[in-house]
Amino acid sequence: GYPCLPEPASARPVRPAKVLTDAARLEAAFRKYVHRDLDHKHPKSVARAEADEAWAPELKAEAAPPTPPPAPTEYTIVVCHMNVIRYFVCRALQFPPEGWLRMRGDNCGITEIIIHPSGRVSLGRFADTGHLSVDQLTFH
């Protein structure tokens with residue numbers, strides 16, 4: 001599908017109605033599979049009861065509960081078309097999605113998007129085909 005009109009423009013004409021339906025589907029899939037544990041737009045603030053004039057952080061530290069253990073590492077495997085992968089990579093790295101066609105990958109490549117506990121996102125590998133022999137590489 002087409003997440004948005006390609007930039008530079010494709011030689012093949014693209015119907016705007018197709019872009020609208022494909023873009024909505026791809027964005028819904030991105031939001032389902034690629035997300036952070038932390039919500040950086042709405043950070044937890046100090047409770048209003050603690051923020052009065054009598055609050056002393058050094059006194060509060062003694063009664064603080066122990067730090068919870070880190071969450072286990074989670075892996076999500078998505079098997080899909082390269083168009084979806086390229087769009088996910090652009091969105092996850094906060095690149096303009098219009099550049100999705102500027103990345104090329106062979107069939108059966110492995111892409112790893114790493115979302116750190118802090119919310120930082122990095123690309124571990126893109127369309128890696130090291131597990132395939134040269135005879136098995138294809139592109140279409």
Side-chain angles (χ1 to χ4, degrees):
Y2 285 86
C4 55
L5 291 173
E7 183 63 41
S10 175
R12 216 169 61 186
V14 180
R15 293 186 340 238
K18 178 162 181 50
V19 173
L20 287 174
T21 57
D22 289 353
R25 272 193 357 234
L26 288 166
E27 182 61 23
F30 175 81
R31 289 175 185 229
K32 178 179 180 179
Y33 294 112
V34 183
H35 52 83
R36 296 175 172 94
D37 287 337
L38 301 174
D39 184 359
H40 293 283
K41 290 184 180 179
H42 303 96
K44 293 181 181 175
S45 60
V46 176
R48 194 171 278 274
E50 294 178 350
D52 65 3
E53 293 176 14
W55 185 69
E58 60 277 355
L59 298 177
K60 186 73 172 172
E62 293 176 17
T67 306
T73 303
E74 179 182 323
Y75 298 93
T76 303
I77 298 173
V78 180
V79 179
C80 58
H81 194 273
M82 183 51 88
N83 285 359
V84 177
I85 294 167
R86 291 184 289 206
Y87 178 71
F88 279 21
V89 167
C90 285
R91 286 280 286 117
L93 297 177
Q94 299 178 350
F95 294 159
E98 293 79 15
W100 63 285
L101 278 178
R102 296 181 184 200
M103 295 181 271
R104 180 191 180 276
D106 293 318
N107 293 327
C108 203
I110 297 173
T111 298
E112 178 185 22
I113 298 172
I114 304 166
I115 304 173
H116 301 275
S118 65
R120 187 173 56 88
V121 178
S122 58
L123 186 61
R125 67 192 84 223
F126 178 75
D128 182 8
T129 55
H131 59 288
L132 301 173
S133 68
V134 176
D135 299 355
Q136 295 172 318
L137 293 179
T138 60
F139 173 80
H140 86 65

Which atom pair, heavy atoms only, marks the closest approach of [X] to [Y]?
X    : Y   : answer
T76  : E74 : OG1-OE2, 3.7 Å
C90  : P96 : SG-O, 4.0 Å
L101 : R86 : CD2-NH2, 3.6 Å
V19  : C4  : CG1-CA, 3.8 Å

When you compare the side chain of [Y] with that of [X], does any pair of heavy atoms fall below 4.5 Å?
X    : Y    : result
T138 : D106 : no
P97  : P3   : no
V34  : R91  : no

Using modelled atom types and a 3.5 Å cut-off, is there a donor and acceptor pairing between side-chain atoms of [X] and backbone atoms of [Y]?
X    : Y    : value
N83  : G1   : yes
T129 : G109 : no
H116 : S122 : no

Qualifying residues under side-chain hydrogen bond (donor to acceptor under 3.5 Å, both in side chains), relative to R15, sequence neighbours excluded
none
Could you walk me through whether V78 and T111 pass the side chain to side chain contact (heavy atoms under 4.5 Å, CB included) check?
CA-CA 10 Å; V78 180; T111 298; over 6 Å; no
Is the centre of the W100 ring less than 6.0 Å from the centre of the Y2 ring?
yes
Flag yes if [X] and [Y] sit in one hydrophobic cluster, no otherwise; membership is Ile, Leu, Val, Met, Phe, Trp, Tyr, and two members link when side-chain heavy atoms are under 4.5 Å apart.
X    : Y    : value
I115 : I85  : yes
L93  : L26  : yes
V84  : M103 : yes
L20  : Y87  : no
V121 : F95  : yes

Around F30, counting heavy atoms of other residues, nucleotides and ligands shown, do more than 12 lie under 6.0 Å from its CZ?
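More than 12 within 6.0 Å, yes.
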With rounding to the nearest 0.5 angstrom, report the CE to CZ distance, M82 to F88.
13.0 Å
Would I114 and L123 count as a side chain to side chain contact (heavy atoms under 4.5 Å, CB included) if you check the C-alpha gap in whole Å, the side-chain angles of each, and the deciding distance to 0.1 Å?
CA-CA 6 Å; I114 304 166; L123 186 61; over 6 Å; no
